[in-house]
Participant: 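Could you have a look at this structure, given as structure tokens, before my questions?
Sequence lines set the chain letters: A, B, ... in the order given, protein chains first and strands last, and positions in each chain run from 1.
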Protein chains: 2
Amino acid sequence: MEKAPEKQSIDRRVVIEMLQRHDVTPTQQRVEIAQMLFARPQHLSADQLLAQVNSESNHVSKATVYNTLNLFARKGLVREVIVDPSRVFYDSNTSQHHHFFNVDTGELTDVPLPTLSMEQLPSLPQGTVAAGVDVIIRLRSAD
Amino acid sequence: MEKAPEKQSIDRRVVIEMLQRHDVTPTQQRVEIAQMLFARPQHLSADQLLAQVNSESNHVSKATVYNTLNLFARKGLVREVIVDPSRVFYDSNTSQHHHFFNVDTGELTDVPLPTLSMEQLPSLPQGTVAAGVDVIIRLRSAD
DNA sequence: GTCAGTGCAAACCCTTTGCAGAAAG
DNA sequence: CTTTCTGCAAAGGGTTTGCACTGAC
């Protein structure tokens with residue numbers, strides 16, 4: 001077995017507090033999922049997260065991963081990123097930022113610098129309120 | 001039966017030329033789909049389009065609608081709009097514009113005016129070229 | 001005839017759901 | 001105890017695919 005290069009997860013206590021602050025009961029599975037997910041800013045599909053969580057130690061079921069991600073999204077702990085019809089990505093960074101999506105590789109990354117023009121919103125349709133703005137720059141691998 | 005308020009489809013010949021200009025062989029089914037789709041700027045899912053095409057006159061199969069929409073997208077005749085993990089929308093307007101998506105109603109609409117700031121692209125990751133920019137403003141219905 | 005296009009049904013795959021057992025407080 | 005959560009397997013639902021048939025040239 002290989003030596004883990006660095007601790008891939010953050011402190012349990014920190015995660016538990018984070019969950020509680022968002023009104024999420026910190027069950028064992030949720031904490032484990034959150035430790036993996038919030039270890040660093042990243043974009044994971046449910047399946048990728050499932051694999052990562054179950055690669056080290058304990059086992060969390062697929063249903064629980066899906067349920068938990070939906071819960072986290074509802075509670076504002078993660079941001080759903082919808083760029084690929086075949087799967088949803090979950091972004092552990094909920095602060096406002098934009099994305100590159102490489103349609104050839106399926107890779108999703110952050111636009112590094114605060115996007116130049118923070119456009120102010122156009123006037124919204126009557127009876128609606130803004131819930132968020134998604135900016136996705138689709139890329140292709142050159143040649 | 002109700003009187004059709006206005007012709008819902010555009011001239012066959014116009015559509016056929018449009019397909020040919022995009023290297024798409026104008027088969028009967030494709031022309032029919034295109035007539036429906038390009039009658040006006042709109043956002044339709046494959047299923048909605050299937051229903052619309054088959055409501056008046058001839059029959060086109062579900063497989064053909066899906067195949068055709070993929071073909072049209074590949075050939076640049078329509079723009080895929082990915083905002084909802086449960087289904088892809090096809091936009092008959094391929095010119096650069098932004099979208100509102102009401103997450104409560106599932107309604108997809110255009111941002112009416114040229115969005116104020118046409119932000120210039122940030123520098124792209126090495127080895128990639130831009131393929132398009134999607135701006136989606138998610139809305140909720142104000143109670 | 002040849003080759004592309006179509007239709008049908010089955011296959012796919014991600015995601016959700018029903019329900020019984022387990023855990024949290 | 002009571003309520004919420006988890007796990008399993010099955011169901012769901014949009015989309016794709018295999019394959020035989022049709023049609024255009």
Side-chain angles (χ1 to χ4, degrees), chain A residues 12-13 15-17 19-20 22-37 43-54 57-75 77-78 80-90 101 103 106 108, chain B residues 12 15-16 19-20 22-37 43-54 57-75 77-78 80-90 101 103 106 108:
Chain A
R12 282 186 74 82
R13 282 163 302 183
V15 166
I16 289 173
E17 276 171 30
L19 297 189
Q20 288 172 332
H22 286 263
D23 271 319
V24 173
T25 309
T27 65
Q28 181 144 145
Q29 287 87 338
R30 289 173 184 170
V31 170
E32 211 168 305
I33 289 169
Q35 278 186 276
M36 199 78 247
L37 188 54
H43 312 92
L44 294 174
S45 66
D47 233 44
Q48 292 173 327
L49 184 58
L50 176 65
Q52 261 183 239
V53 167
N54 286 336
S57 68
N58 305 11
H59 180 79
V60 179
S61 76
K62 177 180 287 197
T64 297
V65 169
Y66 275 96
N67 289 337
T68 300
L69 285 172
N70 281 335
L71 177 66
F72 283 6
R74 225 175 320 120
K75 296 297 191 177
L77 280 155
V78 296
E80 286 183 319
V81 183
I82 298 164
V83 287
D84 183 340
S86 76
R87 65 209 191 293
V88 175
F89 284 102
Y90 293 87
F101 181 64
V103 298
L108 182 65
Chain B
R12 281 186 75 81
V15 165
I16 288 172
L19 297 188
Q20 288 172 333
H22 286 263
D23 272 319
V24 173
T25 308
T27 66
Q28 180 143 144
Q29 287 86 340
R30 289 173 183 170
V31 170
E32 210 167 306
I33 290 170
Q35 278 185 276
M36 199 78 246
L37 188 53
H43 311 93
L44 294 174
S45 66
D47 232 44
Q48 292 173 327
L49 183 58
L50 176 64
Q52 263 185 238
V53 167
N54 286 338
S57 68
N58 306 9
H59 179 79
V60 179
S61 76
K62 176 181 286 197
T64 296
V65 169
Y66 275 97
N67 289 337
T68 299
L69 285 171
N70 281 335
L71 177 66
F72 283 6
R74 226 175 320 119
K75 297 297 191 177
L77 279 156
V78 297
E80 285 183 319
V81 183
I82 297 164
V83 287
D84 183 341
S86 76
R87 64 212 192 293
V88 175
F89 284 102
Y90 294 87
F101 181 63
V103 298
L108 182 66

Participant: Can a side chain N or O of B/Thr64 be found less than 4.0 Å away from OP1 or OP2 on C/dG7?
Facilitator: yes
Participant: Please confirm whether the shortest side-chain N or O distance from A/Asn70 to OP1 or OP2 of C/dT16 is below 4.0 Å.
Facilitator: yes
Participant: Does C/dG5 have its OP1 or OP2 closer than 4.0 Å to a side-chain nitrogen or oxygen of B/Arg30?
Facilitator: yes
Participant: Does any part of the side chain of B/Val81, heavy atoms only, come nearer than 4.5 Å to the side chain of B/Val88, both counted from C-beta?
Facilitator: no
Participant: Take the protein atom CZ of A/Arg87 and the nucleotide atom P of D/dG13, then report the distance between them rounded to whole Å.
Facilitator: 23 Å
Participant: B/Glu32 CD to D/dG23 P: how many Å, rounded?
Facilitator: 15 Å
Participant: Can you measure B/Glu80 atom CD to D/dT16 atom C1' for me and round it to whole angstrom units?
Facilitator: 14 Å
Participant: Please report the distance, rounded to the nearest Å, between CD in B/Gln29 and P in C/dA4.
Facilitator: 17 Å
Participant: Quick check: do A/Val31 and A/Arg12 have side-chain heavy atoms less than 4.5 Å from each other?
Facilitator: yes
Participant: What nucleic acid atoms does A/Asn67 come within less than 4.0 Å of, heavy atoms only: base, sugar-phosphate, or nothing?
Facilitator: base
Participant: Which residue, A/Gln28 or B/Lys62, contacts DNA chain D at a nucleotide closer to its 5' end, judged by nearest heavy atom?
Facilitator: A/Gln28
Participant: Whole angstrom is fine here: how far is it from CG in A/Leu71 over to C1' in D/dC5?
Facilitator: 11 Å
Participant: Rounded off to whole Å, could you give me the CZ-to-P distance for the B/Arg74 and C/dG5 pair?
Facilitator: 10 Å
Participant: For A/Ser45, report the nucleic acid contact type (base, sugar-phosphate, nothing); a contact means any heavy atom under 4.0 Å.
Facilitator: nothing
Participant: Quick one: B/Gln48 CD to D/dG14 P, roughly how many Å, whole number?
Facilitator: 11 Å
Participant: Which listed nucleotide (C/dT15, D/dT17, D/dG7) is nearest to the side chain of B/Ala63?
Facilitator: D/dT17
Participant: Looking only at side-chain atoms of B/Val60, point me to the closest of D/dT15, D/dT6, C/dG7.
Facilitator: C/dG7
Participant: Would you say the side-chain atoms of B/Arg30 pair up with the backbone N or O of B/Val24, donor to acceptor, closer than 3.5 Å?
Facilitator: no
Participant: If I take atom CG in residue A/Leu44 and atom C1' in nucleotide C/dC14, what distance separates them, rounded to the nearest angstrom?
Facilitator: 16 Å
Participant: Checking side-chain contact (heavy atoms from CB on, under 4.5 Å) between B/Glu80 and each of B/Tyr90, B/Phe89, B/Phe72, which is the one that passes?
Facilitator: B/Tyr90
Participant: Check whether any side-chain heavy atom of B/Ile82 sits under 4.5 Å from a side-chain heavy atom of A/Asp84, and report yes or no.
Facilitator: no
Participant: Check the phosphate of D/dT15 against B/Tyr66, side-chain N and O only, distance under 4.0 Å to OP1 or OP2. Yes or no?
Facilitator: yes
Participant: Any side-chain N or O of A/Thr27 below 4.0 angstrom from OP1/OP2 of C/dA24?
Facilitator: no
